[in-house]
Amino acid sequence: MNPVSNQNQSVILPGATVGILGGGQLGRMIALEGRKMGYRFVTLDPTPDSPCGQVSDTQIVASFTDVAAAQRLAEQCDVITYEFENVDAEVARILETHSNVPQGSRLLRTTQHRVREKSALQAHGIPVTPFLPAASLDELLRACRELGFPCVLKTSTGGYDGKGQWLLHNLEEAQLAWEEFSSKWTGPEHSDLSQRSPSAADESIHTGGKDAPGNSLDAPLVVEKFISFTKELSVVVARSVRGEVKSFPVAENIHVHHILHQSIVPARTTLEIELEARSIAQRIATQLNVVGLIAVEMFLTPDGQIFVNELAPRPHNSGHFTYDVCETSQFEQHLRAICNLPLGSAKLLTPVVMVNVLGQHVQPLLQAVPNLPDNVKIHLYGKKDAKPGRKMGHVCILAEDVEQALTQADSLGIWEMEN
Ligand code: AMP
């Protein structure tokens, strides 16, 4: 409750209380890092004893759409953040008008919808995967013809870990995907009418006033050109209230069954690509007026081109390595950014491979724990139900070089099912 002024903007000093919308592992790691610095935490999540609730001072158990509960959170906190992008944007907007939400709700609305996100990036000259929005079967078929086969059809909202995506090879598959979408994906988040679009004025700030090619920014589907990439890369970048920008080293990401399996850092690529990827991420943070973190997922093609695939305005799974091997973790950096502190050094201290621990890996990991080598760091998120495919934790393997860490990951025998 005692902000001091820096460059005309208040600094939220340690001792203040941070509210987190969302009680998952990202919030948990923000709170763990923030407690070290002396901040206090209140989290809001519908599940009692959530991963973040376990390490916060208090948890408010309520739905993310419960505006009254969000207001109770605001009353107890000096600053509010969110830890996942599907926080109800309306709740974030209401909070923003009554309390301190440095990240704002505008970026959240942009990144909650693939067409809006890609259009905003395109308007700022950022290289994005070529795309066309589709709001009808006709538009879908036209987009497929224009972009060519194979192409990737995605729902504009609600898809994650490969859900809500179709790889299309011909017009018949496009028609079948349309039928599946029309019958299955009829939830409120896919209805145009319920999209609670930002005002045209709001949107034009992000898209530079330009509409998406061909159709509306609210189309429920987007068709993308298939990129035959050689690597998937990501960069987490922070921008603070005072406008300071710092990016973390590039991660090379390996997915198994559409879920992140490993992040390899440094990415096995050239210095030129490393610098280009970080520069793209930094431009995005600046041009979209990001406050806090933004994770930028990218495809690298064989001829060295980079295409941005998607954004996440929060700490990212592919940035978990920073917790163990960067001078400042992405979680601490996020707090520094939203509290308007100077950003910390993002320097990498040692090569690392981060490997996710899903539900099916928990028992093998626990069996391996008594004999784990001293360079393997364990993170478990305090979730009770170890369902297959559910993110339960991760490990970081620190080594002289990433090839050694990869070999060691194989030899631990925890992820045999995936290989
Ligand atoms: P997304 O939900 O957009 O992150 O996509 C999930 C995964 O599908 C990505 O990590 C890629 O492996 C793959 N993918 C998505 N879009 C494309 C694309 N346009 N071309 C090739 N692969 C893609």
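Remember, it's 1-based here, ligands and their atoms both numbered in the order they're listed. Note that the structure is a prediction, hence the values are computed from the model and not measured.
Heavy atoms only, all atoms of each residue included: Gly389 and Leu358 are closest at O-CD2, 3.9 Å. Here the shortest heavy-atom pairing between Gln103 and Ile338 reads CG-CG2, 4.1 Å.
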Apply the test salt bridge (charged side-chain N to carboxylate O under 4.0 Å, His left out) to residues Glu224 and Lys154: give CA-CA distance (whole Å), side-chain angles for both, the deciding distance (0.1 Å), then the verdict.
-> CA-CA 8 Å; Glu224 287 177 19; Lys154 301 179 181 178; 3.0 Å; yes
Open item on the list: Go through it in stages, so that I can follow the logic: the residues are Glu83 and Arg314, the test is salt bridge (charged side-chain N to carboxylate O under 4.0 Å, His left out), and I'd like the CA-CA distance, side-chain angles, deciding distance and then a yes or no.
Closed with: CA-CA 6 Å; Glu83 61 113 43; Arg314 53 167 171 77; over 6 Å; no
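Considering backbone and side-chain N/O of Thr129, none are found under 3.5 Å from N/O of ligand 1. Checked by distance only, ligand 1 and His258 stay at 3.5 Å or farther apart across all their nitrogen or oxygen atoms.
Nearest to atom 17 (C) of ligand 1 by heavy-atom distance, out of Phe307, Phe299, Phe226, Phe131, is Phe299.
When non-hydrogen atoms are compared, ligand 1 lies under 4.0 Å from the side chain of Asn309 (C-beta onward) but not from its backbone.
Aromatic rings of Phe84 and Phe64 (six-membered ring for Trp) have centroids within the 6.0 Å cut-off, being under it. Ring-centre distance between His394 and Tyr381: below the 6.0 Å cut-off.
Listed by number with element, the atoms of ligand 1 under 4.0 Å from a non-hydrogen atom of Ile227 are 18 (C), 20 (N), 21 (C). Numbered from 1 in the order shown, with element, the atoms of ligand 1 that lie under 4.0 Å from a heavy atom of Phe229 read 12 (O), 21 (C), 22 (N). Using a 4.0 Å cut-off to heavy atoms of Glu232, the atoms of ligand 1 that qualify are 9 (C), 10 (O), 11 (C), 12 (O). The contact set between ligand 1 and Glu297, taken as ligand atoms under 4.0 Å from a residue heavy atom, comprises 4 (O).
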